[in-house]
Amino acid sequence: MLRAVPWRYDLPASLVVFLVALPLCVGVAVASGVPAELGLVTGIVGGLVVGVLPGSSLQVSGPAAGLTVLVYEAVQRFGVTALGLLVLGTGLLQIAMGALRLGRWFRAMSASVVHGMLAGIGLTLLFGQLYALADRRAPAAGPEKIAGLPDLLADVVTGVANPSAVALGLATLLVLVGWKYLPGRVARGVPAPLAAVGLAAAVTAAADLPVARVRVSGLLDVVHLPDRAALGAVAGTAGLGTVVAFTLIASAETLFSAAAVDRMHHGRRTDYDRELTSQGIGNTVCGLLGALPMTAVIVRSAANVQAGARTKASRTLHGLWLLLFTALLPGVLGLVPLTALAAVLVHAGAKLVPLRRIAALCRGHRGEALVLAVTAGAIIATDLFEGVLIGIGLAVAKSAWQTSHLQIGLEELVLPSGEALQRVRLSGNATFLRLPRLLDALERLPADRPVELDWSGLRHLDHACTVALTAWAAQHRARSTAPLAVEPPLPTVV
């Protein structure tokens, strides 16, 4: 089995994912109000446990920013010791949902919503990590991050921000962007993020630059099993509501991400029900260890695909690297500057924004481009779950509007008797959305001329339009002496 793994692709990819996952694990944990090590535990479980389970072969799991606010509120309300029970309940509920085959319902996903989700996450990540690039703390909300960029730029230009961090971060970003232009053997032999972070760490150590570096303590000190006191804290409707919220958001983020990842490669497609079950098993393990809840994370998943991964070995190995480096070699991690990791994330976030897709949609499908833009903007303004729901709602409304197109053809014919005949041809879909336009056209017809209503070209006639046409025909016959012909006859209204 090991011989079947394409190591020349999966091994470098696993290192790239590790470099992307490390700051995400630490950052999400700190933002959630828990020790950084708990985020690393979730990342390790996402690699070593979920990484070997069926579902999606290239999707990578770990702590996600989409749950940060909920986790922070839960920790403030129930305490850190109760977090494990909440996550344990989430995992068990996800396993049940997978067994009931509810995951497949998430496959009904508009491509524009998926690309909008990628753009929204990429921009949110980019805006937030620009602050870390300058050794500054980013605001919590997306709009605040954007509003604070002018002040951040002013601090960078005037030297108020840490000049060493800014210079090192920009240099790392320059290596990431320019790495692909190096000779082929060099560019293919060493992943750009690995080279960029390695060079940044070497420069930091050699020059002893005054920049913030990764800090990690022992993992065993923060791992704890759920206890009875924690059970008492979460028992009740508040605790149950938190579990349900965790479950819905984690499942939605995972399966929406699966839809996005499947569009990024040509390999095996995701089995949504199995993926949901795998995530449930991972969250169950995280709950038993008292760690953060996990989801599939689109940032590291996209990095995995873009780095050339072919099998699930890359995502499993990334969990192993997290475990080895944080448990056995914390001193090595202490050499890595946070600004270099921020540069990796800025680069990854920018690559998630589908500029070519947006340009193509603007040229030929402006409605789809609007859905994409609104989804991305909503994710930046709110969070991933709410933003995607807004995008789906807009996509459904757009589809309903487009599929209700009704063509109304009016023509005047002269009969052999010399009398003028008004012919009305209806084609397309007659739904209640087009009812005002339809009735306006019919009510403008002269009452003293014969009318022929031909609706044989309709593909769909809903009940509201049937009632309206029947009522109009009855009124027209009552107030007019001219004949009215309806072809084919209207159905009987019940």
Side-chain angles (χ1 to χ4, degrees), residues 16-17 19-20 23-24 27 58-60 64-66 109-133 138-139 141-149 152-153 169-170 172-174 176-180 192-193 196 253 256-265 296-307 341-388 390-392 394-395:
V16 172
V17 178
L19 289 171
V20 173
L24 287 177
L58 299 182
Q59 190 160 246
V60 186
M109 190 70 162
S110 165
S112 295
V113 174
V114 173
H115 288 290
M117 182 185 73
L118 290 173
I121 293 174
L123 290 174
T124 301
L125 183 64
L126 188 152
F127 293 143
Q129 293 302 313
L130 284 175
Y131 290 86
L133 201 70
E144 295 175 358
K145 294 175 183 176
I146 298 175
L149 290 179
L152 177 65
L153 179 61
L170 292 178
T172 305
L173 191 58
L174 184 63
L176 289 167
V177 174
W179 191 256
K180 63 181 178 181
E253 185 167 348
F256 289 163
S257 296
V261 172
D262 280 350
R263 286 177 168 85
M264 299 174 68
H265 67 92
V297 185
I298 186 61
V299 176
R300 63 188 76 177
S301 300
N304 190 37
V305 175
Q306 292 165 359
L341 295 177
V344 173
L345 293 177
V346 167
H347 186 250
K351 292 175 71 173
L352 286 177
V353 182
L355 295 178
R356 292 183 179 178
R357 176 76 177 182
I358 294 173
L361 290 178
C362 289
R363 288 193 299 267
H365 304 277
R366 293 184 179 179
E368 294 294 329
L370 177 63
V371 172
L372 189 153
V374 169
T375 303
I379 289 174
I380 295 172
T382 57
D383 58 37
L384 178 64
F385 186 64
E386 292 182 16
V388 170
I390 291 172
I392 291 175
L394 181 60

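Hydrogens, waters and symmetry mates play no part in the numbers below; they use all other heavy atoms, side chains included.
- Across Ala138 and Gly128, no two heavy atoms sit closer than the pair CB-O, 3.6 Å.
- Ile121 places a side-chain heavy atom less than 4.5 Å from the side chain of Met117.
- Side-chain contact between Leu370 and Arg366 is absent, with no heavy atoms from C-beta onward closer than 4.5 Å.
- The line from NZ of Lys145 to CG of Leu126 is 10.5 Å long, rounded to the nearest 0.5 Å.
- Interatomic distance, CG of Leu133 versus CG of Leu152, reported as 8.5 Å (0.5 Å rounding).
- Taken to the nearest 0.5 Å, the NE2 atom of His115 stands 10.0 Å off from the CD atom of Glu368.
- Rounded to the nearest 0.5 Å, atoms CG (Asp262) and OG (Ser257) are 11.0 Å apart.
- Two residues are said to be in side-chain contact when any heavy atoms from C-beta on lie closer than 4.5 Å; Gln306 and Val16 fail this criterion.
- At a threshold of 4.5 Å between non-hydrogen side-chain atoms, the residues Val261 and Val305 count as touching.
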Item to complete: Given side-chain contact (heavy atoms from CB on, under 4.5 Å), test Ile379 with Val388 step by step and report yes or no.
Response: CA-CA 7 Å; Ile379 289 174; Val388 170; 4.3 Å; yes

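- Rounding to the nearest 0.5 Å gives a distance of 13.0 Å between CG of Leu372 and NE2 of His365.
- Considering OG1 of Thr375 and CD1 of Ile390, their distance stands at 8.5 Å, rounded to 0.5 Å.
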